[in-house]
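Structure record follows, encoded as structure tokens.
For ligands, and for the atoms within them, numbers begin at 1 and follow the listed sequence.
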Amino acid sequence: MYSTRCAFLLAFASLVVVNAQSLFPSLTYNLIVSHIGYDFLGNFSWETADDPTNGRVNYVDKATALNDNLTFVSDHKFIMRADDTKKVAKSARGRDSVRIHSLDAYDDALFVLDIFHMPEGCATWPAWWTLSEEGPWPYGGEIDIIEGVNLGQGNLASLHTTPNCTMPKARSQRGFTKSTSCDTSVNSNQGCGVSFPDQDSYGTNFNAMGGGFYIMEKSSTKGVSVWFITRDSLLLLGGEPVLDLVLLSTPDAYFPTVNNCDYSKHFNAHSIVFDLTFCGDWAGSESVWNASTCATKASTCNSFVDNNPSEFTEAYWEINSLKIYTPHGLLR
Ligand SMILES: *[C@@H]1O[C@H](CO)[C@@H](O)[C@H](O)[C@H]1NC(C)=O
Ligand SMILES: *[C@@H]1O[C@H](CO)[C@@H](O)[C@H](O)[C@H]1NC(C)=O
Ligand SMILES: *[C@@H]1O[C@H](CO)[C@@H](O)[C@H](O)[C@H]1NC(C)=O
Ligand SMILES: CC(=O)N[C@H]1CO[C@H](CO)[C@@H](O)[C@@H]1O
């Protein structure tokens, strides 16, 4: 586990010190996009459609989000949040929140998210994920990188695909395989999820440490890998992940797409989505809500969302940067 990563660092320590300038760009990737602060305003679109996962949410447009401070940008930060001031009327669509997707889409790429705070708390269901720009869903695939609900402390990463994509139960990853079929038509679209071993990879504990880094590699030859790297990890140099070392270390979640999940049949260029919904198919399912201590606060998830605005003060994404790298020689 963690010691494996330390061993990597020790093995490469001399290389790192002697040859620091060769770390960026990494051995195999070039930085092509860096989104910081205001960049998000020009590179993402604010979505206002009904939440496809049936959340008790009202996704607002960009002008409303900026006006109501549900989206806030500065030179160094991008923040998107839930409204935490108003009760929600029964007749309303739900609590005001934000969902954005990138204007650009990427084939093989490495996505590096430096995140200071993620939405936490009862009823919340935030996600950072990528999705086929072509679709229609699930054609071209969905990759969930950060996802969880309510008071969860461990992240869940998963794929959602067309039929005939399954994952081996045992593979080279730190996390725990929760289900092996990525096919959206089986197990009520559960996806092939992997739960992360670290109980600070999501939610309250994650935020208490000032967040960290999430890295996703989308590769037509290797498959999909996701790493969570704490801010004080040995895999950082000058506050930035040493990508060559990250790529050599065991991912928290690994989805090989060679034998039982042909990459070219299930994945194409993906755009990037950040959202924050409430309740809905996962966080608000009766069994999930009842099983969490949130149920002591309200008998249903929706009534909790409607009547308790001040419970949503911590329901926000605070992003330092999103950097995207593509393999050498690849333009897109
Ligand atoms: C908007 O949100 C930012 C970030 O949380 C905060 O610093 C700022 O004071 C807020 N502005 C208003 C007018 O509330
Ligand atoms: C899945 O695989 C089976 C067996 O090879 C094949 O008959 C079926 O057409 C495949 N389905 C799709 C959607 O590719
Ligand atoms: C959840 O709790 C509510 C209220 O206590 C109860 O009415 C409902 O039957 C429970 N549902 C499940 C699936 O446990
Ligand atoms: C695709 C797209 O709109 N890219 C824009 C991202 O934002 C930068 C500056 O913030 C623009 O220069 C790009 O054109």
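- Under a 4.0 angstrom heavy-atom cut-off, Lys77 registers as lying outside contact with ligand 1.
- For the pair Lys218 and Phe267, the cation-pi criterion (under 6.0 Å, within 45° of the ring axis) is not fulfilled.
- Cys192 pairs with Cys182 as a disulfide, the SG atoms being under 2.5 Å apart.
- Within the structure, the ring-ring contact (aromatic ring centres under 6.0 Å, His included) test picks out no pair touching residues 133-179 (sequence neighbours left out).
- Near Asn164, meaning under 4.0 Å from one of its heavy atoms, ligand 2 places the atoms 1 (C), 2 (O), 3 (C), 8 (C), 10 (C), 11 (N), 12 (C), 14 (O).
- Taking the six-membered ring for Trp, Phe78 and His35 have ring centres at least 6.0 Å apart.
- A salt bridge links Arg231 to Asp114: at least one charged side-chain nitrogen sits closer than 4.0 Å to a carboxylate oxygen.
- Ion pair Arg56/Asp306 flagged as a salt bridge, since at least one NZ, NE, NH1 or NH2 atom sits closer than 4.0 Å to an Asp/Glu carboxylate oxygen.
- Because its NZ or CZ atom is not both nearer than 6.0 Å to the ring centre of Phe312 and within 45° of the ring axis, Arg81 does not count as a cation-pi partner of that residue.
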Which pairs of nitrogen or oxygen atoms, taken one from ligand 3 and one from the protein, are under 3.5 angstrom apart?
from, atom 1, to, atom 2, distance (Å)
ligand 3, 2 (O), Asn290, OD1, 3.1
ligand 3, 2 (O), Asn290, ND2, 2.4
ligand 3, 11 (N), Glu286, OE1, 2.7
ligand 3, 11 (N), Asn290, ND2, 2.8
ligand 3, 14 (O), Asn290, ND2, 2.8

